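Notes follow once the structure below has been shown.
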Amino acid sequence: MNSLVRRSARQLSLWRSYCVKHGGPEAASPGRPNYEEFIGRHQRQARCSIVVQVSSEKSYPELYNYCSRFGSILGAHHYCVRQDEALHYVLLEFATPDEAAAAIGAGVSNGDLSGVPVRSPFLWFRAAGGGRRSPKLAQANPSPQLLSLDGNRQVEQSHLLGLLRGAADIEEQVQLLHEHTRLNELGVRMRFLAALQVQQAIAGMFPAAQAQPFGSSVNGFGRMGCDLDLILRFDNDMGAKGSREAADPSRLVYHTKENLSNGRSQTQRHMECFGDMLHLFLPGVCHVRRILQARVPIIKYHHEHLDLEVDLSMSNLTGFYMSELLYMFGEMDPRVRPLTFSIRRWAQTCGLTNPSPGRWISNFSLTCLVMFFLQQLRQPILPTIGALAKAAEAGDARVTEDGINCSFARDVERLGFRSRNQSSLSELLLQFFEFYSQFDFHNRAISLNEGRPLSKPDHSAIYIVNPLEQLLNVSKNVSLEECERLRIEVRNAAWVLESEVENASPPESEGQELSWGLLNLFKHPEKAVIRPNMFFKPRMVEVSDLFEQKETTTGSNAPTTT
Ligand code: CTP
Ligand code: MG
């Protein structure tokens, strides 16, 4: 019997304890926030927060004493940017937005240096005037501990490898990799503060404008150091709020400037203007680049107080709703995110992905491949997007400014989807590589809407139907050569992992260089042996199994590409 079908008692018990610890599919997370709650909670947190540059973390008690006059400080995080000439910052969270606003309002401009005085949540803590120490407030409440000390630092590669080496089995390796490389709480807070800074800067003229983070910063698939995707929205959310107001629309209508006939060039002009504004006035914003000819025009900048790369767009709301879908997928089953992290790490180490965009597969496309794999299993772990769209109710209605329908059930419970799949993470990892070793990229497109492969409508090397704009291909950029490399690498990975999964736990011998399990997937490409097809071991899952009728029905709003 092959190893995928055989389930040892040990694996079953591992699975059960895993479900207890992380919340299994049956225990679909009632108390966890949905996407909008998650976003709302972090937006409020950002409004309650300020970032103060200090000379070192030792300044914290004095900063705490000083800032306590503005309100109660709930927590503080310390971080550094630029390892070489470490600049220290403390992010302080007050109990209310008014308290943070009072602290910001009490700031003064730096008279010695030129520069337009701009209010923002980014401040610095200067030494008390004339060498005096700042008067100590009555220390009724001692300063709370810094919640994280240098909490923005990525885990050292050698430390991570050591952790993986010491794990009990591949399951634990996958978990450890996820826990130690995912974007942490401070990382999320910093990204929401960057968004708030932009929003507050333009609030005078655009009080309804919202700068909303999307992409890996908020969809739960972000790693430490990931970029911030930000969309500046001027619309009044066409969703539930719009439909409520429709019952009694206001008779007072704003006068506005006439739109240019070409919406795209208008967006480009507006973005140029915002790019200048960010560049000239916003503290921390540097290296502003305008990429206005792209399908979705963006402004890129670096935030030097947050050590963060930002991509700001003003159109393409579908990307924002796509992040909500990915967030929901990640919340549905505790295996989804750890599995995706391992696969993304593997792709990074064998050079399939690259931080700069190009003809290679992006992290987002790779994530789509993982979601599709989890949908098409004989016992699916994720529902199709078609099924989610079908279960949408009035409150789920979302339409972008271009009229693209992004309505899908936000409450997954309504779908009644329960996965009976009990595969372990190592089994799923292996199945993923096997599935794509056999996938017919030449003729088939990947549809997350249907959860099954479709006929490919054009000659793109890889075709992933964009779930919300179904006439677009998410992976249009991927060249034939890169697709071929992907096929070779998934084959290699399946080959390596098969023996690792069979062994399941680390070899007995101890040693510094001991490499086993996941570590063998993460070997540098130079070390990886490209194994031709003929040596590829026989598959353990038949292709016919993979494409068989599944236990749950797929949604009905199928893409036109069949
Ligand atoms: N997006 C999309 N369609 C694309 C590309 C991107 O809908 N063809 C959306 C997705 O929601 C994606 C987000 O835009 O998550 C941001 O894209 P990108 O920064 O490329 O990917 P991330 O998911 O943020 O991953 P990374 O950490 O590599 O930035
Ligand atoms: Mg991103």
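Atoms within each ligand, like the ligands themselves, are counted from 1 in listed order. A quick note: this is a predicted structure, and the numbers were derived from the prediction, not measured.
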Quiz item: Any non-hydrogen atom of Glu324 lying under 4.0 Å from ligand 1?
Solution: no
Exercise. Taking atom types as modelled, find out whether His77 and Glu185 have a side-chain donor-acceptor pair closer than 3.5 angstrom.
Key: no
Self-check item: Geometry at the Mg ion (ligand 2) - Asp227 OD1 versus Asp229 OD2 angle, rounded to 10 degrees
Solution: 100°
Quiz item: In terms of atom number and element, which parts of ligand 1 are under 4.0 angstrom from non-hydrogen atoms of Asn363?
Solution: 28 (O)
Quiz item: Taking the minimum heavy-atom distance to atom 15 (O) of ligand 1, which of Ser365, Pro357, Gly215 ranks first?
Solution: Gly215
Quiz prompt | Proximal candidate to atom 7 (O) of ligand 1 [heavy atom criterion; set Pro355, Gly225, Gly319, Ser323] | solution = Gly319
Quiz item: Nearest protein heavy atom to atom 20 (O) of ligand 1: under 4.0 Å?
Solution: no
Quiz item: Which atoms of ligand 1 are found less than 4.0 Å from any heavy atom of Arg344?
Solution: 27 (O)
Practice problem: Please state which part of Phe214 comes within less than 4.0 Å of ligand 1, counting heavy atoms only: side chain, backbone, both or neither. | Solution: side chain
Quiz item: Do Arg344 and Thr367 have a side chain donor and acceptor closer than 3.5 Å?
Solution: yes
Quiz item: Which protein non-hydrogen atom lies closest to atom 5 (C) of ligand 1, naming both residue and atom, and how far is it?
Solution: Phe364 CD2, 3.5 Å
Quiz item: Can you list the atoms of ligand 1 that are under 4.0 Å from a heavy atom of Asp227?
Solution: 19 (O), 29 (O)
